[in-house]
Amino acid sequence: MQALRIGYARCSTDKQDLAAQREALIDLGVDHERIYADHGLTGRNRARPGLEQALAAVREGDVLVVTKLDRLARSVPDAREIADQLVERGVKLALGGATYDPTDPMGKMFFNILATFAEFESDLIRMRTREGMAVARARGKLRGKKPKLSDRQSRELRRMYDSGDYSISDLAEVFSVSRPTVYRTLRRQPSAA
C-alpha cells in the first residue's frame, strides 16, 4: 500500500485565509481532498477538530504534512505530544519540505528547536498584544463593545421603565433588543428619581 500525504492547515482568526496554506500543501504533494483544516482556532487550543481528523486519517507509513510547525502546535509540550503520537503509529511528519525523522537524533533535536521557537513566537505575539491593548486603553481608544442603544435611547428606556407602565419584555420589544441588553442599559443609566 502506497504511503499517503495528509495535510493540515490552521489559522488563528476567522479573518485569516487558509488559501496560501492549502496551496503550499498541494505544492508539497498533498491531494486537495486530503487537506484538513481548522479556521479561527489558536494553536494553543488542543481541541481542534481538523487536526483530530488529520490524525485519524494517517496510517502507518503515511506522512502528515504542515507548512510550518507553528500551524501544528504553539507550545513545546503540545508539539512533543503530537510528534510522539505520530512516532507511535509509524507516521512521519513533514514540516514544509523537510521530513522529520524521530529515530534520528539530529532530526529530533531540530524538531525540538523548531517547537521552542514556535512557542517563543507565540509568547511574543501575546505579550505585544497585551502591551498594545494597555496603551490603547490608557489613551481611551479601547473601551470595549459599543452599547446597542444611543444615549438618547438609553435615557428614554430608563424613563419608560421608571414610569412603571412597561415590563422588561415590553422594553426589549419596543427597542428591538434582548432582555439582557435592557438590564445592562438600566444598570448604566441612572434613575431620574
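The chain is numbered in sequence order, starting from 1. Heavy atoms only: backbone and side chains are in, while hydrogens, waters and symmetry mates are out.
Within 6.0 Å of OH in Y161 there are 12 or fewer heavy atoms belonging to other residues, nucleotides or ligands. For Y166, the OH atom sits in a loose shell: 12 or fewer heavy atoms of surrounding residues, nucleotides or ligands are nearer than 6.0 Å.
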For this session: Decide yes or no on side-chain contact (heavy atoms from CB on, under 4.5 Å) for D70 and E119, but give the supporting numbers first.
Result: CA-CA 8 Å; D70 69 348; E119 183 174 13; over 6 Å; no
For this session: Begin with the C-alpha distance, continue with both residues' side-chain angles, and end with the deciding distance and a verdict on side-chain contact (heavy atoms from CB on, under 4.5 Å) for V177 and V182.
Result: CA-CA 7 Å; V177 295; V182 172; 3.8 Å; yes
For this session: Start with the C-alpha gap between M160 and L157, add the side-chain angles, then the distance that decides, and say whether side-chain contact (heavy atoms from CB on, under 4.5 Å) holds.
Result: CA-CA 5 Å; M160 291 171 71; L157 185 141; 5.9 Å; no
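Here the side chains of R152 and E156 are not in contact, with every heavy-atom distance at 4.5 Å or above. Using a 4.5 Å heavy-atom threshold, the side chains of Q153 and K148 count as separate. Proximity of L95 to V66: side-chain heavy atoms (C-beta onward) are separated by under 4.5 Å at one or more points. A 4.5 Å side-chain heavy-atom check between I82 and L51 finds at least one atom pair inside the cut-off. Side-chain contact between T116 and F120 is absent, with no heavy atoms from C-beta onward closer than 4.5 Å. Looking at I35 and Y8, their side chains never come closer than 4.5 Å, going by heavy atoms from C-beta outward. The side-chain heavy atoms of D162 and R159, taken from C-beta on, include no pair separated by under 4.5 Å. Within the 4.5 Å cutoff, the side chain of V63 has no heavy atoms near those of the L4 side chain.
Between R184 and T181, the side chains place a donor N or O and an acceptor N or O closer than 3.5 Å (distance only, hydrogens not considered). In this model, a donor atom of one side chain and an acceptor atom of the other lie less than 3.5 Å apart for S12 and R10. With hydrogens and angles left out, the side-chain atoms of S169 and R179 include a donor and acceptor closer than 3.5 Å. Side-chain N/O atoms of S154 and D151 include no donor and acceptor closer than 3.5 Å.
A salt bridge is defined here as a Lys NZ or Arg NE, NH1 or NH2 lying under 4.0 Å from an Asp or Glu carboxylate O, and D31 with R34 fails to meet this definition. Between D84 and R80, at least one side-chain nitrogen of the basic residue sits less than 4.0 Å from a carboxylate oxygen of the acidic one, meeting the salt-bridge criterion. Salt-bridge annotation for D17 and R22: absent, with no side-chain N of the basic residue lying under 4.0 Å from a carboxylate O of the acidic one.
Put simply, the side chain of R5 never gets that close to the backbone of D62: no donor and acceptor are under 3.5 Å apart. In this structure, R158 contributes its side chain and T185 its backbone to no donor-acceptor pair below 3.5 Å.
Across A57 and Y36, no two heavy atoms sit closer than the pair CB-OH, 3.5 Å. In this structure, A54 and L64 approach most closely via the heavy-atom pair CB-CD1, 4.0 Å. Heavy-atom minimum distance, R89 versus A56: NH2-O, 4.3 Å. Scanning both residues, A73 and D78, for their nearest heavy atoms gives CB-OD2, 3.4 Å. Listed here is the closest heavy atom pair of A115 and L69: N-CD2, 3.2 Å. A pairwise comparison of heavy atoms in V30 and G7 identifies CG1-N, 3.5 Å as the closest pair.
In this structure, CZ on R48 lies 8.0 Å from CD on E52, to the nearest 0.5 angstrom. Between F175 atom CZ and L149 atom CG the span is 6.5 Å, to the nearest 0.5 Å. Expressed to the nearest 0.5 Å, how far CZ of R130 lies from CE of M127 amounts to 8.5 Å. Rounding to the nearest 0.5 Å places NZ of K92 at 7.0 Å from OG1 of T99. To the nearest 0.5 angstrom, S75 atom OG is 9.0 Å from E81 atom CD.
Note: the hydrophobic cluster containing L72 also contains L55 (ILVMFWY, side chain heavy atoms under 4.5 Å, direct or indirect links). Cluster membership check: V65 does not share its hydrophobic cluster with V58, using side-chain heavy-atom separations under 4.5 Å among Ile, Leu, Val, Met, Phe, Trp and Tyr. L124 and V76 end up in different hydrophobic clusters when Ile, Leu, Val, Met, Phe, Trp and Tyr side chains are linked at under 4.5 Å. No single ILVMFWY cluster, assembled from side-chain heavy atoms under 4.5 Å apart, contains both M133 and I125. Cluster membership check: L18 does not share its hydrophobic cluster with I26, using side-chain heavy-atom separations under 4.5 Å among Ile, Leu, Val, Met, Phe, Trp and Tyr.
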